[in-house]
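So that the names make sense, note that chain A is the first sequence line, chain B the second, and so on, each numbered from 1.
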Amino acid sequence: MLCALPKKDISGLNRGHIRKRPKTSFCWLTTMAANIEENIRCYRTAPFDARFPNTNQTRNCFQNYLDFHRCNKALSTKNKDVSPCEWYQKVYNSICPISWVSKWDDQLESGTFPGKI
Amino acid sequence: MAYSTQLGFQDAASPIMEELLHFHDHALMIILLISVLVTYMMVVTTYTKLYNKNITDSQLIETIWTILPAMTLTLIALPSLRILYLMDEINKPHLTIKAIGHQWYWTYEYSDYVALEFDSYMIPTSDLLPGQFRLLEVDHRMVTPIGSPMRVLVSAEDVLHSWAVPALGVKMDAVPGRLNQTAFTVSRPGVFYGQCSEICGANHSFMPIVVEAVPLEHFENWYTMMLQDA
């Protein structure tokens, strides 16, 4: 004997475990060439960098550190907004060991940093 | 995890390790067949009453026992290369963790968002709770979310170490001044143990690695809790 079950009323907002999501702009994976602000806002972790495809990521870390400081220097010399440089900072913070970063920061302060900025 | 009468690998906790397991079974079966065949041929040749003193060569048999081994080697090489290239794929990680080796403990850094850094020391045998594993437990485990591709960057502060977790199919040398990248995805929740795999001094055997894989929500809660405790 088949019994027709009454249909649940799901017209209201309260659907039990289903919460209505607030409207946000989703972070789809974007390429570097796209919107910089979008990339920085949607940052998850350092993406694959084709310049450093191999196991040794030492140079990846150092290059992003250099690029951040060079970017800061270049943009602030021209009195421009330095927020695009935040990308490099996010990447080097993700990749570089904290001890390396603090050592390089100390070297920068004391003027003994070996890289060219 | 490892146990005393273990003969094979630990159960795989990542897709790559699963592939390696299956490949190992495949290759082991082939070499087992070859070993049995060769042993049989040796025994039979030793005790056979059939012999001919006038045979000098045979092109046919030489061709057969060149072609067949070549085909066997191809059967081994193709799956092996497939896994090699699979391991090399660009995997778009969701999270980067740094594992830094010291004498004689590991430091884990999670610095994608708010920097979290903690040391992971082995729990001494005298401090173990009932049910814990001797020489394998640590005070702070490296917690990862399941199902997310991870990037682990391995380095060292003093001497050579090596970060290895057999259940995940991962081993990467920790070299001072160098940052070595390895990647994996943990496919099931659980606790996975490993040990330092490069001789690094007196307590080389006493700096284990423990990876605890949990659902993302639990990982986020753990992260928040660790930041508050720091």
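If you take CZ on B:R151 and CD on A:Q57, they are separated by 6.5 Å, rounding to the nearest 0.5 Å. Note: B:Y110 OH to A:S94 OG = 13.5 Å, rounded to the nearest 0.5 Å. Separating the CZ atom in B:R178 from the SG atom in A:C61 is a distance of 13.5 Å, to the nearest 0.5 Å. Here the straight-line distance linking atom CG of A:N60 with atom CD of B:Q181 works out to 8.0 Å at 0.5 Å rounding. Note that the CG atom of B:L95 and the CZ atom of A:R44 stand 10.0 Å from one another [nearest 0.5 Å]. To the nearest 0.5 Å, atom SG of residue A:C96 and atom CG of residue B:L179 are 7.0 Å apart.
When all heavy atoms are compared, the tightest approach of B:N180 to A:N56 is OD1-CA, 4.2 Å.
Only the side chain of B:I90 comes within contact range of chain A, with heavy atoms under 4.5 Å apart. When heavy atoms are compared at a cutoff of 4.5 Å, B:S155 approaches chain A solely by way of its side chain, counted from C-beta outward.
Of the listed residues (A:V91, A:N54, A:T55), the greatest number of heavy-atom pairs within a distance under 4.5 Å of chain B belongs to A:T55.
Atom CE of B:M29 has 12 or fewer neighbouring heavy atoms from other residues, nucleotides or ligands inside a 6.0 Å radius. Enclosure of atom CD in B:Q6 by more than 12 non-hydrogen atoms of other residues, nucleotides or ligands within 6.0 angstrom is indicated.
With B:E117 contributing its side chain and A:I98 its backbone, the two residues share no donor-acceptor pair below 3.5 Å. In this structure, A:Y43 contributes its side chain and B:D112 its backbone to no donor-acceptor pair below 3.5 Å.
A heavy-atom distance below 4.5 Å is not found between the side chains of A:P47 and B:K92.
A donor-acceptor pair shorter than 3.5 Å can be found between the side chains of B:T96 and A:T45. Between the side chains of A:N93 and B:S111, no donor N or O sits under 3.5 Å from an acceptor N or O.
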